[in-house]
Structures are given as C-alpha cells and as structure tokens.
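Working notes, beginning with the structure itself.
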Amino acid sequence: MGAIAAASSLKPAYSSQRSRPIPFGSAARTQFIEADGQYRDSLLQYCSRLTPEIEFKWDQIEPRQGQFSFEAADTVANFARDHGKEIYGHTLLWHRSMPPWLPDHLRETRDWSTVTGHIGRMVGRYAGVRYWDVVNEPVDTGFRGDGLRPSVFLDCFGADYIAMALQAAWAASPGAELLINEYGLEYDLTVEHDRRYHFLRLLERLKKGGAPIGGIGLQAHLDLRKGPVSQAAISSFLKEIRNLGLFVFVTELDVTEADYVRPAAERDAMVGAEVARYLDVVCDFEDLRGVATWGLTDRYSWLGLPPEEVEAYKQHGYWRDGTSPGFNRGLPLDTDLRPKPFLDALKAHGVGQF
Ligand code: 9MR
C-alpha cells in the first residue's frame with residue numbers, strides 16, 4: 001500500500017469532539033530516563049502518563065524473597081511526580097514476571113498471603129497511582145474450557161485467583177481503578193476470536209461475582225503480518241464491554257511491521273494507517289480513559305530485530321539515524337525522536353496534546 005492510501009485513512013471516521021483530549025502516555029524505562037536527556041525531554045513533551053515498562057514487575061521488585069529493590073521503580077515514579085505526570089501501574093500479577101523463587105515457594109506453601117503481601121506493598125508504596133493492571137494476560141486459548149491461561153497462580157489458587165487478586169488490590173486501595181490487561185484481541189483470526197470470547201466470559205464471571213474490576217486494558221500490539229485490524233470484530237467486542245459497564249484503556253499500542261525493505265517513509269505510512277484504523281474504532285468508545293504506546297521512540301523499542309542484526313546495523317552507523325532501514329518503526333517517534341505518521345494518527349483522533 002502506498003502513501004496515498006495511508007494518508008487518506010489518517011482522516012478518521014471518528015469525529016466526536018470530546019471536551020478534553022484523550023490522555024496519552026507511553027511505557028518508559030528508568031535506565032533510559034537516567035541516561036538519555038533527549039529521550040527524557042520527549043517523554044515530558046508528549047506524555048501525560050508513564051507506564052513503567054519493567055520497573056514495577058514483581059521480579060524487579062523482589063528478586064530474592066524478602067529482599068526488595070525499589071530503586072528503579074522509585075526513580076520513574078519520582079520522575080513522573082516531579083514533572084506532574086501520572087504513573088500507570090503495570091503490573092501486579094503476571095506469569096512472565098515472577099521472581100525465580102516464587103513458583104516453587106507457591107507450590108510448596110500455597111500461601112496466598114505471599115501474593116497479597118506483594119499487591120499490598122506495591123499499591124501502598126505507590127499510593128498515588130490511580131490505575132493498576134492487577135492481572136496481566138490471564139487468558140489463553142487451547143488449554144481449558146474456561147479459557148484461563150495455565151499458570152502457577154491458577155494451579156495453586158484455582159480460577160478464583162483473579163477475583164482474589166482484584167479484592168486484594170481493592171482492600172489495599174479502595175480508591176484505585178483496577179484492570180485486567182490482555183493482548184491478541186484485534187484481528188479476524190480464529191485464535192483472536194477465541195481470545196475475545198474467553199476474555200468476555202471471564203469478565204462476565206468477575207462482574208457477576210462482584211469482583212472490584214473497573215475496566216480492561218487492551219494491549220493493542222498491532223501486527224501488519226496479521227493486518228489490517230478487524231474494525232468489525234473490535235467494535236462488537238467493545239459493545240459487549242460497554243454492556244458490562246467497564247471502561248477501556250489502550251495500554252501498549254505499537255505495530256510490528258511485515259516489510260522491512262521498503263523506504264522508511266512508506267513503512268511509516270503503513271504503520272500510521274494501521275494505528276488510524278485501530279483508533280477509528282477504539283476512540284468511538286465513550287469511556288476510553290487513555291491511550292499508551294509501548295515505548296515512545298524506535299530508539300528504545302522492544303520490537304527490535306534479533307540482537308545480532310542490531311549489532312550489524314550499529315556497526316554500520318545506522319543506530320541513531322531515524323531514516324535508516326532495518327529497525328522496527330512501530331512507535332510514534334523514530335530513532336532520532338522525530339514524529340512519524342503514527343503520532344499524526346494519535347493527534348487526528350484526539351489523543352494527547354501535542
Ligand atoms: O517490553 C517489556 C520488555 O522490555 C520486558 O523484558 C518484558 C518482561 O518484563 O516485558 C515487556 O513488556 C510486556 C508487558 O509487560 C506486557 N505485555 C507484553 C509486553 C511486551 O512483551
């Protein structure tokens with residue numbers, strides 16, 4: 001697809017004029033906040049919310065049982081506070097960020113207070129945080145009839161662990177808004193259809209049981225290899241979310257590319273167009289509380305090439321050149337922190353103030 005098609009889809013179907021912009025944020029990393037002034041300035045320029053990309057995760061906080069390491073988490077939290085930015089709390093329970101000691105400990109003891117201890121500690125220490133991803137990625141297809149992802153938490157505490165975790169977060173901070181954050185919900189693929197189905201059924205069960213869930217996080221890792229996004233599927237999914245009385249956050253928006261060979265401008269247009277197609281539908285959802293991208297700049301993106309290829313590009317001097325081919329260009333700013341059509345798509349949909 002050429003730049004012309006991409007540009008026309010940047011004009012959104014979405015046209016309702018909200019009284020305020022939809023708050024925009026990004027995942028942020030302490031390591032780069034400390035090391036890179038340009039990156040820091042860009043975060044401050046564009047974002048009103050920051051999501052610690054790794055710093056709040058349990059493996060970072062309690063690498064050895066009972067030994068806590070809050071430095072990196074405090075640094076990003078203080079950075080946000082000092083600059084009038086909000087922190088989005090990511091994430092209290094995630095099967096992929098368990099400290100190494102935790103699985104055996106839970107299997108041996110079945111001690112739920114280990115989990116509530118962690119939840120209470122985080123929610124208590126970062127008491128100003130309004131939104132928390134309480135459970136991250138609890139759904140997976142192909143394992144169980146109820147669509148829950150096999151995990152230590154599920155094994156040790158049963159399917160109720162999700163409601164129990166929400167209760168624990170609620171008990172520690174009744175004012176906070178609690179979410180479940182999930183991925184793989186955007187495309188017209190059987191597996192994503194099943195994920196939407198199971199996620200909705202989980203949310204229904206939670207609401208029916210009175211769990212203190214306020215909303216859902218849609219990670220929105222878009223992928224041009226699967227694309228385009230299915231606006232029809234997303235729209236009917238969101239109708240059901242509205243019927244459940246839940247709010248929505250886009251928590252980890254980015255785009256994996258399918259074609260790394262075309263000129264950068266064409267690639268950027270394709271990325272921007274996919275973002276626009278997605279926002280066309282999601283920004284129509286009335287109770288959309290915010291949009292966050294999973295990183296602000298391609299300079300620091302988890303959507304990298306394999307490390308050996310990155311090394312090769314670095315050796316050829318491409319690393320800081322935002323127009324060079326090779327790197328995933330799936331975030332709003334390029335590696336030189338220049339805005340791309342992705343950022344225009346956000347702007348055109350009333351996301352952010354820039
Ligand atoms: O981008 C994050 C990467 O730097 C970390 O190594 C990884 C493990 O902590 O987590 C990545 O972020 C994930 C997020 O927490 C949950 N959704 C998927 C994200 C990408 O894997």
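Whatever order the structure lists them in is the order used to number ligands and atoms, beginning at 1. We're numbering straight along the sequence, starting at 1. Worth saying up front: this structure is predicted, and the values here are computed from it rather than measured.
A cation-pi arrangement is absent between Arg195 and Tyr197, since the terminal nitrogen or guanidinium carbon is not both under 6.0 Å from the aromatic centre and inside a 45° cone about the axis.
Between His118 and Trp58, the ring planes lie parallel to each other; the angle is under 30°, not in the 30° to 60° tilted range.
Every pair passing ring-ring contact (aromatic ring centres under 6.0 Å, His included) that includes a residue from residues 65-93 is listed here, sequence neighbours excluded: Phe68-Phe70, Phe79-His83, Tyr88-Phe249, His90-Trp294.
Aromatic rings of Phe247 and Phe285 (six-membered ring for Trp) have centroids beyond the 6.0 Å cut-off, not under it.
In this structure a side-chain-to-backbone donor-acceptor pair under 3.5 Å is missing from Thr335 to Arg299.
The 4.0 Å heavy-atom shell around ligand 1 contains residues Arg29, Glu53, Ile54, Lys57, His90, Trp94, Asn136, Glu137, Gln219, His221, Glu252, Trp294, Trp302, ordered by chain and number.
Across all non-hydrogen atoms, the minimal contact from Thr30 to Ala72 is OG1-O, 2.8 Å.
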